[in-house]
Amino acid sequence: MSRVPMLFDKPAFAFEGELQNATGYVTIGVAADLTAADAGLTRSDLDAYAVRSHHRSAAAPASDSVIPISSDDAVVLDRDEGARPDATLEDFAALPTLFGEDPSWDLVARQIPDSRRPEGGLHTIGTAPQLSDGASAAVLGSARAASTTGMRPIGRILAATQAAVRSPRLTAGVQAARDALARAGITAADLDVVEANESFAVSPLLVERELGLDPDIVNPCGGSVATGHPLGASGGTILVNALDQLARVDGEFALLVIPGGLGLGAAVVVQRV
């Protein structure tokens with residue numbers, strides 16, 4: 001992310017007026033503020049969630065799935081760096097909002113005339129995902145592949161779904177999660193772990209509330225608000241986090257959810273084996 005930041009390639013859907021209007025693209029922070037306002041989430045709700053993410057990330061146990069980075073035979077990085085164990089609600093409440101005066105609000109007003117624009121904005125640098133570099137990898141294979149290679153699987157994908165809502169809302173992750181649970185043949189009550197990517201604090205809060213989830217099982221080791229959201233790596237990261245946590249709590253089912261810009265969302269249900 002430090003070398004190729006978001007929108008570095010100047011995609012047409014974000015920079016060409018006609019296509020921007022057709023796709024409903026707005027600044028992602030504006031989409032987050034709009035979604036939070038529609039859901040009745042307050043600035044205090046978002047700040048409190050971010051503090052929770054930092055505390056959980058800082059207290060998270062070491063993971064065997066994290067590969068230490070070494071240089072000259074010395075370990076230089078063996079855990080995520082962003083978490084602030086001393087984060088307080090007062091610190092986060094003092095941060096200025098980022099998107100209250102963003103010009104994208106004019107586009108929102110044209111696309112969704114009855115939309116709610118929160119006065120002054122809602123999300124801050126503290127309730128947005130940190131800018132962090134990162135990488136992740138997972139090996140996926142069939143039962144036959146496992147038998148052939150002799151590798152022992154640690155999880156099974158029961159369902160994978162995608163959903164879309166009218167852009168610029170960020171609610172598609174919730175719909176994708178409901179679809180994934182239905183396809184997997186389980187309910188939210190069966191879940192032992194939920195990893196909802198913290199693409200702004202509104203996203204996991206919405207999943208938590210709409211699915212009626214116990215907050216204790218949602219991002220139990222924190223998430224992107226504290227540790228970062230390197231695009232392309234976050235899906236693998238939450239998969240690893242979910243499987244690690246299932247092992248810790250001797251659980252069976254986990255739900256993974258990621259929302260995206262342009263009204264998109266995806267979800268996966270995994271079973272520990």
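This chain uses plain numbering: 1 for the first residue, then up along the sequence.
A donor-acceptor pair shorter than 3.5 Å cannot be found between the side chains of Thr35 and Asp38. Side chains of Tyr49 and Glu198: a donor-acceptor N/O pair is present below 3.5 angstrom, by distance only.
With sequence neighbours excluded, the residues that form a side chain to side chain contact (heavy atoms under 4.5 Å, CB included) with Ser44 are Thr42. Remark: Ser63 pairs with Asp244 by the side-chain hydrogen bond (donor to acceptor under 3.5 Å, both in side chains) rule, at least two apart or across chains. Under the side-chain hydrogen bond (donor to acceptor under 3.5 Å, both in side chains) criterion, Gln175 pairs with Asp179, not counting sequence neighbours. Shown here are the salt bridge (charged side-chain N to carboxylate O under 4.0 Å, His left out) partners of Asp250, two or more places apart in sequence or in another chain: Arg272.
Counted within 6.0 Å of CZ on Arg248, heavy atoms from surrounding residues, nucleotides or ligands total more than 12; the atom is thus considered enclosed. With a 6.0 Å radius and a threshold of 12 heavy atoms from other residues, nucleotides or ligands, Ile67 has its CD1 atom at or below the threshold. When the shell of 6.0 Å around CG of Asp64 is examined, it contains 12 or fewer heavy atoms from other residues, nucleotides or ligands. Open room surrounds CD1 on Ile125; 12 or fewer heavy atoms of other groups in view lie less than 6.0 Å from it. The environment of Arg56 atom CZ is dense: over 12 non-hydrogen atoms of other residues, nucleotides or ligands sit within 6.0 angstrom.
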Only distances under 3.5 Å count here; give the side-chain donor-acceptor pairs of residues 110-121 to other protein atoms, sequence neighbours excluded, each with its distance to 0.1 Å.
residue, atom, partner, partner atom, Å
Ser115, OG, Ile112, O, 2.8
Arg116, NH1, Ala37, O, 2.8
Arg117, NH2, Gly100, O, 2.8

Side-chain donor-acceptor pairs of residues 26-33 under 3.5 Å, sequence neighbours excluded:
residue, atom, partner, partner atom, Å
Thr27, OG1, Asp102, OD1, 3.2
Thr27, OG1, Asp102, OD2, 3.2
Thr27, OG1, Ser104, OG, 3.0
Asp33, OD1, His123, N, 2.9
Asp33, OD1, His123, ND1, 2.8
Asp33, OD2, Leu122, N, 3.1

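Remark: the backbone N or O of Arg84 is paired with a side-chain donor or acceptor of His54 at under 3.5 angstrom.
Here the closest non-hydrogen pair linking Ser132 and Gly228 is OG-CA, 3.5 Å. Of all heavy-atom pairs spanning Gly155 and Val273, the tightest one is N-CG2, 3.5 Å. Of all heavy-atom pairs spanning Ile217 and Leu191, the tightest one is CD1-O, 3.7 Å. Counting all heavy atoms, side chain and backbone alike, Val76 lies closest to Ser71 at CG1-CB, 4.0 Å.
In terms of hydrophobic clustering, with Ile, Leu, Val, Met, Phe, Trp and Tyr side chains grouped at heavy-atom distances under 4.5 Å, Val66 and Val193 are assigned to different clusters.
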